[in-house]
Amino acid sequence: MNKKQETKYELILNAAFEQMKEKGFEKASISQIVKHAGVAQGTFYLYFDSKGAIVPAIAERILEEQLGLIKGEVQENDSIDRIIEVLIEQTFKLTDRNKEVIKFCYSGIAYYDSFQRWEDIYRPYYLWLEKKLEKAIAAKEIPQRKSIAHQAIFIVGLIEQSAENYFLTDEPKKDEELNLYKQDLYHFIKRAIS
C-alpha cells in the first residue's frame, strides 16, 4: 500500500473500530463507517469485501497495540517473572478497555475468516515471547523444554482466556477480586513454567 492508500485504510479501520465499539457489530453499518472515516463507500470495498472482513483487521490492531504496550514496559534484562506480570497486567487492561470489540472479533473471525488468519495475527506475539523464554532458559530462570513454541502459545492463550473470562461475563465483580484473580493466574503460570 502506498502512503495515501495506507491513510484511507487506517481511516476506515479507525472508524470501524469506533462504530463497532459504540454500536456493536450488527448495528454498525458500512455507510456509517465510511461516513465516520470521511471516505466514499466504494473506497471501503477496495480494502474489505464486507463488514465481516474488517473483523480480522480489528483483531490484529488490538493485538498489535497489546504487544506494543507490553514491549514498552518490558526492559531487556527483566526476569521471566516480571515479563509474566506485564503480560497479565497489559492483557487485562486492554481486554477491559476493548471488551465490546473483542466479543465480536471472536465470533467474526470464526465466521468470516479461517483460523489460520487468527494464528497469523498472533505469530509476532508468540515469537516475541519465545525469545523471552529462551533467554530465561539460558539464564537458568526456568528449565529447558522440548517446545518453547508450545509454551509461548499456552501462556498467551491462558492469560487471554483468563482476562476474557473475567471481563466478558456479566457477573458483577469487585476490584479486590480482580487483583486476587491476576495473582492466582500469575502463580499458576509461574508454577507451570518452573
Side-chain angles (χ1 to χ4, degrees), residues 10 12-28 32-33 36-37 51-52 54-75 78-113 115 117-129 132 151-193:
E10 289 298 319
I12 293 167
L13 193 56
N14 290 340
F17 185 88
E18 291 306 317
Q19 290 294 302
M20 291 179 186
K21 189 172 185 176
E22 181 184 319
K23 298 176 180 168
F25 179 76
E26 294 301 323
K27 292 183 181 174
Q32 291 168 331
I33 292 168
H36 193 71
K51 182 172 71 169
I54 204 166
V55 173
I58 290 172
E60 185 170 27
R61 168 175 281 177
I62 291 170
L63 192 62
E64 285 173 354
E65 179 185 354
Q66 181 176 337
L67 185 54
L69 291 169
I70 289 166
K71 285 179 175 180
E73 244 189 86
V74 170
Q75 303 300 311
D78 279 350
S79 69
I80 197 67
D81 293 352
R82 169 73 180 136
I83 292 167
I84 291 168
E85 288 174 352
V86 172
L87 291 174
I88 291 170
E89 194 59 37
Q90 289 303 326
T91 301
F92 273 69
K93 281 182 185 176
L94 200 77
T95 302
D96 186 27
R97 189 169 64 238
N98 294 304
K99 57 187 159 210
E100 295 308 316
V101 177
I102 290 169
K103 284 178 187 178
F104 74 78
C105 280
Y106 270 119
S107 60
I109 204 161
Y111 183 75
Y112 293 105
D113 214 341
F115 285 103
R117 175 76 169 114
W118 196 248
E119 287 299 312
D120 293 343
I121 290 168
Y122 272 83
R123 189 165 288 116
Y125 191 3
Y126 296 151
L127 292 174
W128 178 84
L129 184 53
K132 297 300 181 186
Q151 196 171 12
I153 290 168
F154 297 156
I155 291 168
V156 169
L158 179 59
I159 293 171
E160 286 202 350
Q161 183 66 43
S162 298
E164 289 158 7
N165 283 343
Y166 189 85
F167 290 112
L168 302 183
T169 60
D170 294 331
E171 294 177 26
K173 297 174 180 81
K174 299 175 185 166
D175 287 342
E176 57 272 7
E177 260 183 73
L178 176 59
N179 292 330
L180 180 59
Y181 192 79
K182 291 189 294 189
Q183 287 172 8
D184 285 347
L185 176 61
Y186 168 80
H187 290 296
F188 184 86
I189 293 170
K190 182 72 176 113
R191 281 190 303 272
I193 63 172

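One is the number of the first residue; the rest follow in order along the sequence. Just so it is clear, the structure is predicted and the values come from calculations on it, not from any experiment. Computed over heavy atoms, backbone and side chain alike; hydrogens, waters and symmetry mates excluded.
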*Is any side-chain N of the basic residue among K71 and E64 closer than 4.0 Å to the acidic one's carboxylate O?*
no

_Value rounded to 0.5 Å, distance of CD1 in I102 from OG1 in T95_ = 4.5 Å

*Do any N or O atoms from the side chain of D96 and from the backbone of F92 form a donor-acceptor pair under 3.5 angstrom?*
no

*Summary of salt bridge (charged side-chain N to carboxylate O under 4.0 Å, His left out) pairs that have at least one residue in residues 13-23, sequence neighbours excluded*: none

*All side chain to side chain donor-acceptor pair (under 3.5 Å) counterparts of Q66, not counting sequence neighbours*: T91, Y125

*With Y186, which residues qualify under ring-ring contact (aromatic ring centres under 6.0 Å, His included), at least two apart?*
none

_Is it true that N165 and Q161 share a donor-acceptor pair across their side chains at a distance under 3.5 Å?_
yes

*First locate atom CG of N98, then atom CD1 of I62, and finally report the distance between them rounded to the nearest 0.5 Å.*
4.5 Å

*Measuring from I153:CD1 to Y122:OH, what's the distance to the nearest 0.5 Å?*
11.5 Å

_Using the side chain to side chain donor-acceptor pair (under 3.5 Å) criterion, which residues pair with S162? Sequence neighbours excluded._
none

*How many angstroms lie between atom CD1 of I88 and atom CD of Q183, to the nearest 0.5 angstrom?*
10.0 Å

*Test M20 against Q32 for side chain to side chain contact (heavy atoms under 4.5 Å, CB included), laying out the working first.*
CA-CA 10 Å; M20 291 179 186; Q32 291 168 331; over 6 Å; no

*Can you name the residues that form a side chain to side chain contact (heavy atoms under 4.5 Å, CB included) with F188, not counting sequence neighbours?*
L158, R191

*Specify the closest pair of heavy atoms between E60 and I121, including all atoms of both residues, with the distance to one decimal.*
CA-CG2, 3.7 Å

_Exercise: identify the closest heavy-atom pair between L185 and I159_ = CD2-CA, 4.1 Å

*Taking atom CZ of F25 and atom CD1 of I54, what is their separation to the nearest 0.5 Å?*
9.5 Å

*By side chain to side chain donor-acceptor pair (under 3.5 Å) - contacts of E89 (at least two apart)*: K182

*Residues in side chain to side chain contact (heavy atoms under 4.5 Å, CB included) contact with D78, at least two apart in sequence or another chain*: V74, Q75, R82, I83

*Under the salt bridge (charged side-chain N to carboxylate O under 4.0 Å, His left out) test, which residues partner K190, sequence neighbours left out?*
D81

*Heavy atoms only: give me the nearest K51-A28 pair and the separation to one decimal.*
NZ-O, 2.8 Å

_R123 bridged to D120 by N-O distance under 4.0 Å_ = yes

*Going from CG on L129 to CG on L87, what distance comes out if it is rounded to the nearest 0.5 angstrom?*
6.0 Å

_In the structure I gave you, are the side-chain heavy atoms of N14 and H36 within less than 4.5 Å of one another anywhere?_
no

*What are the two closest non-hydrogen atoms of A16 and I33, and how far apart are they?*
N-CG2, 3.8 Å

*With sequence neighbours excluded, tell me which residues meet side chain to side chain contact (heavy atoms under 4.5 Å, CB included) with L69.*
E65, Q90, L94, R97

*What pairs with D184 under side chain to side chain donor-acceptor pair (under 3.5 Å), at least two apart in sequence or on another chain?*
none

*Kindly write out the residues that satisfy side chain to side chain contact (heavy atoms under 4.5 Å, CB included) with E177, not counting sequence neighbours, or none if the list is empty.*
Y166, K173, K174

